[in-house]
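Working notes, structure below.
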Amino acid sequence: GLVSLFVSPFFAMSTDACASTGCRDSLITWAYAVTWGGVALGVVVAVAGMVTAARRGTVMWVWPALALVLVVATFVSGSQLASAVAPGG
């Protein structure tokens with residue numbers, strides 16, 4: 001999650017080619033929303049799932065693993081959105 005948050009500000013570099021051509025700037029906002037929202041949702045899923053599993057006495061490792069998959073998926077989705085900002089991307 002921290003790596004995802006650290007790398008996501010570099011999404012702004014996808015607008016470097018926008019000097020003379022029109023870019024879809026709203027996609028960069030969506031890229032940040034998807035990436036950062038995925039990290040926040042991953043934290044909620046991991047914590048809430050582990051607390052619930054601890055109360056029920058079931059396996060707890062599943063929830064952080066699910067959160068990790070969620071963070072990776074949302075980071076990849078955010079990266080794809082950021083790469084689609086420039087025309088031809």
Side-chain angles (χ1 to χ4, degrees):
L2 290 176
V3 171
S4 178
L5 290 176
F6 176 75
V7 174
S8 65
F10 294 110
F11 289 171
M13 284 197 250
S14 64
T15 61
D16 288 348
C18 296
S20 61
T21 59
C23 283
R24 296 174 285 186
D25 293 331
S26 64
L27 287 180
I28 205 76
T29 304
W30 280 106
Y32 286 128
V34 167
T35 302
W36 295 346
V39 172
L41 186 61
V43 168
V44 169
V45 165
V47 171
M50 286 178 27
V51 167
T52 303
R55 287 186 182 158
R56 293 182 181 171
T58 59
V59 181
M60 292 174 41
W61 68 267
V62 175
W63 298 104
L66 181 64
L68 179 62
V69 169
L70 180 67
V71 167
V72 170
T74 56
F75 178 74
V76 169
S77 298
S79 297
Q80 292 297 319
L81 285 169
S83 69
V85 168

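Given the structure is predicted, the values throughout are model-derived calculations rather than measurements.
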**Any donor-acceptor pair under 3.5 Å from T52 side chain to G49 backbone** = no

Rounded to the nearest 0.5 Å, the CZ atom of F75 sits from the CZ atom of F11 at a distance of 4.5 Å

V39 and S4 have their tightest heavy-atom pair at CG2-OG, 3.9 Å

Looking only at heavy atoms, the pair that brings F6 and F10 closest together is O-CE1, 3.9 Å

Residues A67 and G42: closest non-hydrogen pair is CB-O, 3.2 Å

Open item on the list: Quick check on the hydrophobic clustering: are W36 and L27 connected, directly or via other members, by side-chain heavy-atom contacts under 4.5 Å?
Closed with: yes

Closest non-hydrogen atoms of G38 and V71, given as atom of the first, atom of the second and distance, are O-CG2, 3.9 Å

Paired with L81, the side-chain contact (heavy atoms from CB on, under 4.5 Å) test is passed by just one of I28, V34, T29, namely V34

Problem set entry | In one Ile/Leu/Val/Met/Phe/Trp/Tyr side-chain cluster, 4.5 Å: V7, V85 | yes

Between S8 and Y32, the two heavy atoms sitting closest are O-CE2, 3.1 Å

For the hydrophobic clusters of this structure (ILVMFWY residues joined by side-chain heavy atoms under 4.5 Å, transitively), does one cluster hold both V76 and L5? no

To the nearest 0.5 Å, atom CG of L66 lies from atom CH2 of W61 at 10.5 Å

Of all heavy-atom pairs linking G78 and T35, the shortest is CA-OG1, 3.5 Å

